[in-house]
Amino acid sequence: MKNLRIATFNVNGMRARLPNLLAWLEREKPDIACLQELKSVDSAFPAAELEAAGYGAIWQGQSSWNGVAILARDAQPLESRRGLPGDDGDTHSRYLEAAVHGVLVGCLYLPNGNPQPGPKFDYKLAWFERLIAYAKDLQSSEHPVVLAGDYNVVPTDLDIYNPRSWLKDALLQPESRECYQRLLDQGWTDSLRHLYPEDRLYTFWDYFRQHWQKNSGLRIDHLLLNPALSPYLQEAGVDAWVRNEPHASDHAPTWIQLGSRKRR
DNA sequence: ATGCCTTAGAGACTAAGA
């Protein structure tokens with residue numbers, strides 16, 4: 001495995017965030033970037049600007065909400081799937097998958113699920129079940145696979161500054177956490193948690209109550225590796241500086257560095 | 001229970017986010 005950096009970044013509006021996105025790509029130069037919450041239609045995707053920055057892309061847009069994309073540095077992602085199987089009536093743009101730089105990359109935007117209980121929470125859990133069912137074959141694949149994106153799940157209380165005011169939120173519900181754990185139990189590696197088992201690492205800080213300034217964050221953007229890929233995990237982190245920029249998304253890019261197989 | 005803030009897209013506001 002050659003050195004490869006794979007990142008996931010919920011941009012929260014592609015149009016509003018394009019300058020921030022380009023500045024991040026220029027500085028960090030990820031080889032692969034999974035984007036979520038484009039909030040714009042396919043025809044508005046800034047393919048030319050990304051091309052000029054050195055990135056090929058595929059995207060699945062949607063007006064106003066959702067939307068996912070996969071960017072590849074000096075390459076064109078080879079699309080292998082758009083949309084999860086299991087519900088032909090699901091119109092949300094939340095899953096895109098491609099072969100890039102020798103890795104199969106699943107880019108996902110899992111439903112938020114608020115308010116709960118209610119139909120949105122039901123949709124979240126149903127979508128999660130479809131992901132778990134679909135991920136089973138990817139997990140056992142002999143090809144390297146990463147499932148990267150905004151999972152909208154705070155896996156444990158270590159992944160949030162203080163759960164107290166979030167106890168009724170869909171991101172912390174036992175059902176949401178149970179789904180995430182059941183996905184991991186298939187044999188996926190949660191990259192950041194694997195490398196930093198006891199650290200408080202956040203990927204999202206909401207716009208309210210000066211949560212960024214107080215580092216009141218949540219870890220909800222995850223990169224999951226199958227056993228064919230996990231031996232090559234070398235480093236992982238969060239580009240928190242992006243969250244501190246003017247006009248920032250409420251998420252920061254989260255990344256892994258792959259390289260030669262780690263000695264054990 | 002809700003605001004706190006920000007986005008998109010419509011239309012002078014609403015829905016949604018997490």
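No hydrogens, no waters, no symmetry mates; every other heavy atom, side chains included, goes into these values. Throughout, protein chains are lettered first and strands after them, A, B, ... in sequence-line order, and every chain is numbered starting at 1.
Between the side chain of A:Thr203 and the backbone N or O of A:Ile220 there is at least one donor-acceptor pair closer than 3.5 Å.
Note on ring orientation: taking the six-membered ring where Trp is involved, the planes of A:Phe128 and A:Tyr151 are tilted (angle from 30° to 60°). Ring pair A:Trp166/A:Tyr161 is perpendicular by interplanar angle, where above 60° counts as perpendicular and below 30° as parallel.
The closest side-chain heavy-atom distance from A:Val103 to A:Val146 is below 4.5 Å.
Among the heavy atoms of the strands, none lies under 4.0 Å from A:Ser249. Using a 4.0 Å heavy-atom distance criterion, A:Asn66 is classed as making no nucleic acid contact. Among the protein residues, A:Asn114 comes within range of the nucleic acid bases, having at least one heavy atom under 4.0 Å from a base atom.
Using a 4.0 Å cut-off on heavy atoms, none of the residues of residues 155-166 of chain A approach DNA chain B. The stretch residues 15-25 of chain A touches DNA chain B through A:Arg15, A:Ala16, A:Arg17, each having a heavy atom under 4.0 angstrom from the strand.
The separation of B:dG9 from B:dG3, taken at their P atoms, amounts to 24 Å, rounded to a whole angstrom.
Between chain A and DNA chain B, the heavy-atom contact criterion of under 4.0 Å yields a 5' to 3' nucleotide range of B:dA1 to B:dA18.
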I would like to know whether A:Lys29 and A:Arg5 meet side-chain contact (heavy atoms from CB on, under 4.5 Å); could you show each step before the answer? CA-CA 8 Å; A:Lys29 298 181 170 53; A:Arg5 182 168 293 220; over 6 Å; no
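Under the side chain to side chain donor-acceptor pair (under 3.5 Å) test applied with A:Asp159, the options A:Arg200, A:Arg177, A:Arg193, A:His222 reduce to a single match, A:Arg193.
Nearest-nucleotide positions on DNA chain B place A:Gly13 closer to the 5' end than the other of A:Gly13 and A:Leu218. Toward the 5' end of DNA chain B, the nearer of the two residues A:Leu38 and A:Lys168, judged by each one's closest nucleotide, is A:Lys168.
There is no path of hydrophobic side-chain contacts, each under 4.5 Å, that joins A:Ile32 to A:Leu50.
Side-chain atoms of A:Lys39 and A:Asn12 form a donor-acceptor pair, as typed in the model, at a separation below 3.5 Å.
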